[in-house]
Amino acid sequence: MPDPLRPRASLRTAVVWEVLQDALDRRVKATGRQALDVLDTGGGSGNFAVPLARLGHRVTVVDPSPNALFALERRAAEAGVADRVRGVQGDVHGLFDVAERGAYDVVLCHGVLEYVDDPAEGMTNVVAALRPEGVLSLLAAGLGGAVLARALAGHFKEARQALHDPDGRWGDGDPVPRRFTAEQLTALVEGAGLTVGAVHGVRVFADLVPGVLVDTEPGALEALLKLEEAAAELSAFHSVATQLHVLGGTREAAGA
């Protein structure tokens, strides 16, 4: 899959792209269709949608921000995939006001559950958009990564507050409304009726390494990417990842 972002930013998405690419390949083989129908909830300006469309898939992006959807339209046009990307204004709670139920091979739910009023309801709606044996790609903020980051910055009281807060928030100034553990996310996926195929830690090290080191040290970016990939599947690192990625689906689709 083509890298959708600049090299430095690819540290934040490389693991997710690798897992998603494998899931897409398996669905293409299983369905016999080269072009899949993909729903990207909270897809914003198309960081995932446009590269997916460049692979030939049809992508519907649902996002509450008109500005993000305008940027998506422009980005898709510049990439020559405007005919395969459709943006509609909405959110997961009113998903079926703008999207079709049971109509998608793959649904992306990236950076959404942190902001919805009811994550369980949001997950139920997202799953209901899937076709039988469809695949869910879920990405959400991890609790442990925030605790570790606050502690390393010397904000020990905030780190402790995040650790014990029901929503994983470190204070009133925290811009993220909610964070999750791997267990909480897998419970949401399973509670919506899917099988968990894989869990990966995302940005285990990338947010902790000084940017100047990655940008100036020869070979540092490639080495860090390989380290992220190696650690992503190890459960020991899930508890300190900035984000957590869960792949879900039916037993066949999830690869269980």
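All values reported here derive from a predicted model rather than from experimental measurement.
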Take a 6.0 Å sphere around CD of Glu73 and say whether it holds more than 12 heavy atoms from other residues, nucleotides or ligands.
no
Worksheet item: Are Met123 and Leu194 close enough that some pair of their side-chain heavy atoms sits under 4.5 Å apart?
Response: no
Applied to residues 201-231, the ring-ring contact (aromatic ring centres under 6.0 Å, His included) test, sequence neighbours excluded, yields Phe205-Phe237
Looking only at heavy atoms, the pair that brings Glu114 and Pro177 closest together is O-CB, 3.3 Å
Rounding to 0.5 Å, atoms CG (Leu188) and CD (Gln184) come to a distance of 7.5 Å
message = Tell me if a side-chain donor or acceptor on His245 pairs with a main-chain N or O of His200 at a distance below 3.5 Å.
response = no
- request: For the pair Asp37 (side chain) and Asp105 (backbone), establish whether a donor and an acceptor sit closer than 3.5 Å, ignoring hydrogens and angles.
  value: no
With side-chain contact (heavy atoms from CB on, under 4.5 Å) as the criterion, how do Val189 and Leu185 come out once you've worked through the C-alpha distance, each side chain's angles and the decisive distance to 0.1 Å?
CA-CA 6 Å; Val189 171; Leu185 287 179; 5.6 Å; no
Near Arg160 CZ, under 6.0 Å, is it more than 12 heavy atoms from other residues, nucleotides or ligands? no
Quick one: do Leu143 and Val199 end up in the same hydrophobic cluster if we chain Ile, Leu, Val, Met, Phe, Trp and Tyr together by side-chain heavy atoms under 4.5 Å apart?
-> no
>> Check this for me: Glu222, atom CD, are more than 12 non-hydrogen atoms of other residues, nucleotides or ligands nearer than 6.0 Å?
In response: no
Rounded to the nearest 0.5 Å, the CG atom of Leu52 sits from the CZ atom of Arg58 at a distance of 13.0 Å
### Query
Do the side chain of Asp63 and the main chain of Ser65 share a donor and acceptor less than 3.5 angstrom apart?
yes
* Are Leu148 and Leu227 connected in the hydrophobic side-chain network, where two residues link if heavy atoms are under 4.5 Å apart? -> yes
All heavy atoms of Val15 vs all of Gly201, minimum pair found to be CG1-O, 4.3 Å
For Leu113 and Pro119 the tightest heavy-atom approach is CD2-O, 3.8 Å
| query | When you look at CD of Glu100, are more than 12 heavy atoms from neighbouring residues, nucleotides or ligands closer to it than 6.0 Å? | reply | no
Can you tell if the side chain of Thr13 reaches within under 4.5 Å of the side chain of Val202, non-hydrogen atoms only? no
Next on the checklist: Counting C-beta onward and ignoring hydrogens, is there a side-chain heavy-atom pair between Val16 and His110 closer than 4.5 Å?
Outcome noted: yes
In terms of hydrophobic clustering (I, L, V, M, F, W, Y; side-chain heavy atoms under 4.5 Å; direct or indirect links), are Val127 and Phe96 co-clustered? yes
Original post:
Linking I/L/V/M/F/W/Y whenever any side-chain heavy atoms sit under 4.5 Å apart, do Tyr104 and Val88 land together?
Top reply: yes
task = Output yes when Lys29 and Asp25 qualify as a salt bridge under the 4.0 Å nitrogen-oxygen rule, no when they do not.
result = no
Checklist line | Audit row: Leu130, Leu136, side-chain contact (heavy atoms from CB on, under 4.5 Å) steps and yes/no | finding: CA-CA 8 Å; Leu130 284 169; Leu136 167 71; 4.3 Å; yes
Rounded to the nearest 0.5 Å, the CD atom of Gln161 sits from the NE2 atom of His155 at a distance of 13.0 Å
Rounded to the nearest 0.5 Å, the CD atom of Glu158 sits from the CG atom of Asp165 at a distance of 12.0 Å
All heavy atoms of Val107 vs all of Ala129, minimum pair found to be CG2-CB, 4.2 Å
Discussion item. Using the rule that Ile, Leu, Val, Met, Phe, Trp and Tyr join whenever any side-chain heavy atoms are under 4.5 Å apart, tell me whether Leu163 and Leu208 fall into a single cluster.
Written reply: no
### Message
Quick one: does any side-chain atom of Glu228 pair with a main-chain N or O of Val204 as donor and acceptor, under 3.5 Å?
### Response
yes
- Task: Flag the pair Arg203 and Asp207 as a salt bridge only when some basic side-chain nitrogen lies within less than 4.0 angstrom of an acidic carboxylate oxygen.
- Result: yes
On a heavy-atom basis, the closest approach of Trp17 and Asn47 is CZ2-O, 3.5 Å
ask   = Any sub-3.5 Å donor-acceptor pair from Arg101's side-chain atoms to Leu95's backbone N or O?
value = no
Check: Can you tell if the side chain of Gln34 reaches within under 4.5 Å of the side chain of Val28, non-hydrogen atoms only?
Finding: yes
- Task: Would you confirm whether Arg54, through its side chain, and Val81, through its main-chain N or O, come within 3.5 Å as a donor-acceptor pair?
- Result: no
So SG of Cys109 and CG of Leu139: to nearest 0.5 Å the spacing works out to 9.0 Å
Over 12 foreign heavy atoms within 6.0 Å of CD, Gln89
yes
Given the options Asp40, Leu39, Leu108, Val38, Val61 meets side-chain contact (heavy atoms from CB on, under 4.5 Å) only with Asp40
Taken to the nearest 0.5 Å, the spacing of Leu20 CG from Leu247 CG works out to 8.0 Å
**Report entry** Short side-chain to backbone donor-acceptor contact, Arg169 and Val176, under 3.5 Å
**Finding:** yes
Residues Ala206 and Leu224: closest non-hydrogen pair is CA-CD2, 4.4 Å
Residues Arg150 and Asp174 bridged, charged N to O under 4.0 Å:
no
